[in-house]
Amino acid sequence: MSVIGKGSLERALTQGDVREIVGNAVADLPLDGKDVLVLIPDHTRHAPIDLFFQLIGEALHARVRSLDYLVATGTHASMEMERVYAHVGITAEEHRERWPRVRFFNHEHKDVARLTTLGTLEPSEIRRLTNGLFEQPIPITINRKAVEYDHILIVSPVVPHEAMGFAGGNKYFFPGIAGLELVQTFHWLAAVITNPAINGVKDTLTRRVIDRAVEFLPTPRTCFAFAVDQRHELACLYAGEPKAAWSRAADYSARLHIAYLDRPYKRILGLTPPIYEEVWVAGKAMYKLEPVVADGGELVIHGGHVREISFVHGKDIARIGYHVRDYFTKQWDRFANEPKLILAHSTNVKGIGNFENGVEQPRVTVSLATSIPEETCGRINLGYRDISSIDIDRWKEDEDTLVVEEAGQVLYRLKNGHH
């Protein structure tokens, strides 16, 4: 199937537009009496999942034998059933009465019994895919459900992303519903290349790795790839083969989700949206704003709703702390056996910097103005600001300060290139 869809930077798609694209995309797929699995993002992404649930249900519920939904949590925590219902816009009663062929599942990356191995990326291929940066065999593990259904549909928002260039598409398989081996590798690969060099770039080494890994998956798949505007309405929607549909949506995302500034700022206050409840995702404020913080400046990640470092990975992060890349690479004997996913998150939040003669010098200071106490911030090597002492309106009046609403959504760059 070729890619179908539409997009506009001037006008959001209507529900009728979306219904037509979804209907046309599945009309010719051989799904009658078949088992269909739908991959959806969790609640940490801005996406009208409720609309897609209704329209996919309208188009397929009467045709298929089963229509199951798997939340592609990646390495995030599972969603409780009440939260899943709110996410897809139905009640438990509606589920029973209207959608009896639908079941909901969470991906659990640590549950090895629910994973299967599709094959192995050999060292020579990893060397080729990463331009010689890495060279080791990587088993391709994925949620067993990926091979138990006749067809997979992906509901995929596309935004700039620190590890992948742009999120979405085949990222819903890796890390969306994958085991940790490949996920560890490409997150660390991205961190080695650095966030400013990856974020908002379409053709990245990490994207090449996951696109190659997905070729091992025999199940046919169709992707609904879209980008949302500032009001979280659909600016575009493309349906078809995942790589191709994602590519079209990424072109829109580049125009919607990347802002260019004339100058860097000494101080940036990133007001994070309420869907970021842990630094594990609120760190996106740094990923998206790092290029426009002046040398020696400060980025403040702000949000009283941020109450944990990470629901899943908190202990590992507490042990390792937040550090610049070279802190790890120049002491590799100390960190070689640590989870690469944690090292990647750590250095992406801390940002670019140097490590010479045992002294760490980050380019900028990253501080938390959250519900996380000062003592914890000190222990994990981040700055602290008392959230109650920050007068947002006063900060907005300061010409050396940039206050960003919904920080972590839009990628900011300098017009004349990044640091």
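In what follows, every heavy atom counts, from backbone to side chain, and hydrogens, waters and symmetry copies are set aside.
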(message) Using only atom types and a distance under 3.5 Å, with no angle test, would you say the side chain of Ser66 pairs donor to acceptor with the backbone of Asp68?
(response) no

(request) Please check if the side chain of His95 supplies one atom and the backbone of Val102 the other of a donor-acceptor pair under 3.5 Å. (result) yes

(request) Would you kindly check if the NZ (Lys) or CZ (Arg) of Arg267 is within the cone defined by 45 degrees around the ring axis of Tyr265 and under 6.0 Å from the six-membered ring centre? (result) no

(request) Compare all side-chain heavy atoms of Pro196 with those of Ile352 and state whether any distance is below 4.5 angstrom. (result) yes

(message) Minimum heavy-atom separation for Ala178 and Val183, please, with both atom names.
(response) CB-CG2, 3.9 Å

(request) Keeping the roles fixed (side chain from Thr130, backbone from Ile126), state whether a donor-acceptor pair exists under 3.5 Å. (result) yes

(message) Looking at every non-hydrogen atom in both residues, tell me the closest pair between Gly353 and Val324 and how far apart they are.
(response) CA-CG1, 3.7 Å

(request) Let me see the working for Arg319 and Asp316 under salt bridge (charged side-chain N to carboxylate O under 4.0 Å, His left out), right down to the final yes or no. (result) CA-CA 5 Å; Arg319 186 178 71 254; Asp316 286 333; 3.1 Å; yes

(request) Taking atom types as modelled, find out whether Ser371 and Arg307 have a side-chain donor-acceptor pair closer than 3.5 angstrom. (result) no

(request) State whether the side chain of Trp395 and the backbone N or O of Ile268 hold a donor-acceptor pair below 3.5 Å, judged by distance alone. (result) no

(request) Might you confirm whether atom CG of Asp386 has over 12 heavy atoms from other residues, nucleotides or ligands at distances under 6.0 Å? (result) yes

(request) Write down the atom of Thr219, the atom of Val147, and the distance for their closest heavy-atom approach. (result) OG1-CA, 3.6 Å

(message) So does Thr73 get a backbone contact from the side chain of Asn106, meaning a donor-acceptor N/O pair under 3.5 Å?
(response) no

(request) Could you tell me whether a side-chain N or O of His61 sits under 3.5 Å from a main-chain N or O of Arg101, the two making a donor and an acceptor? (result) yes

(message) Could you go through Glu215 and Arg212, starting from their C-alpha distance and side-chain angles, then the distance that decides it, and tell me whether this counts as salt bridge (charged side-chain N to carboxylate O under 4.0 Å, His left out)?
(response) CA-CA 5 Å; Glu215 290 174 12; Arg212 175 68 186 103; 2.9 Å; yes

(request) Please say whether more than 12 non-hydrogen atoms of neighbouring residues, nucleotides or ligands are located less than 6.0 Å from CD in Glu233. (result) yes

(request) Would you please say whether a donor-acceptor pair under 3.5 Å links the side chains of His257 and Tyr252? (result) no

(request) Could you verify whether a donor N or O on one side chain and an acceptor N or O on the other, from Lys202 and Ser247, lie under 3.5 Å apart? (result) yes

(message) Looking at Ile152, is its backbone amide N or carbonyl O close enough to the side chain of Arg221 to form a donor-acceptor pair, meaning the two atoms are under 3.5 Å apart?
(response) no

(request) Answer yes or no: is there a donor N or O on one side and an acceptor on the other, between the side chain of Gln184 and the main chain of Leu341, under 3.5 Å? (result) yes

(request) Take Leu37 and Leu153 through the side-chain contact (heavy atoms from CB on, under 4.5 Å) test and state the conclusion after the steps. (result) CA-CA 6 Å; Leu37 182 67; Leu153 301 178; over 6 Å; no

(message) Please check if the number of heavy atoms outside Asn337 that lie under 6.0 Å from its CG is greater than 12.
(response) no

(request) Supply the atom-to-atom distance Ile380 CD1 to Tyr322 OH, rounded to the nearest 0.5 angstrom. (result) 5.0 Å

(request) Start with the C-alpha distance between Gln54 and Trp99, add both sets of side-chain angles, then the distance that settles side-chain contact (heavy atoms from CB on, under 4.5 Å), and finish with yes or no. (result) CA-CA 10 Å; Gln54 292 294 330; Trp99 308 108; 3.6 Å; yes

(message) If I compare all heavy atoms of Ile177 with all of Ile142, which pair ends up nearest, and what's the gap?
(response) O-CG1, 3.4 Å

(request) Please check if the side chain of His305 supplies one atom and the backbone of Thr272 the other of a donor-acceptor pair under 3.5 Å. (result) yes

(message) Working to the nearest 0.5 angstrom, can you tell me the gap between Thr329 OG1 and Leu343 CG?
(response) 10.5 Å

(request) Hey, could you give me the CG/NZ distance between Leu13 and Lys6, rounded to the nearest 0.5 Å? (result) 6.5 Å

(request) Hey, could you give me each pair passing ring pair (Phe, Tyr, Trp, His ring centres under 6.0 Å) that has a residue in residues 209-229? Not counting sequence neighbours. (result) Phe52-Phe226

(request) Could you tell me whether a side-chain N or O of Arg207 sits under 3.5 Å from a main-chain N or O of Phe166, the two making a donor and an acceptor? (result) yes

(message) Between Glu406 and Tyr276, do the side chains contain a donor N or O and an acceptor N or O under 3.5 Å apart?
(response) no

(request) Could you tell me which non-hydrogen atom of Val3 sits nearest to which non-hydrogen atom of Ala245, and how far apart they are? (result) CG2-N, 3.8 Å

(message) Between Thr185 and Val209, does the side-chain contact (heavy atoms from CB on, under 4.5 Å) criterion hold? Intermediate values first, please.
(response) CA-CA 9 Å; Thr185 302; Val209 171; 5.9 Å; no

(request) Give the minimum heavy-atom separation between Glu108 and Ser78, together with the two atoms involved. (result) OE2-OG, 3.3 Å

(message) What I want to check is whether the side chains of Asp398 and Thr401 have a donor and an acceptor closer together than 3.5 Å.
(response) yes

(message) For Asn195, run the side-chain hydrogen bond (donor to acceptor under 3.5 Å, both in side chains) check against Glu290, Arg325, His161 and tell me which one passes.
(response) Glu290

(request) For side-chain contact (heavy atoms from CB on, under 4.5 Å), just list the numbers for Asp35 and Glu148, CA-CA rounded to whole Å, side-chain angles, deciding distance to a tenth of an Å, and then say yes or no. (result) CA-CA 8 Å; Asp35 296 315; Glu148 292 174 344; over 6 Å; no

(message) Does the plane of the ring in Tyr69 sit parallel, tilted or perpendicular to the ring in Phe104? Use 30° and 60° as the thresholds.
(response) tilted

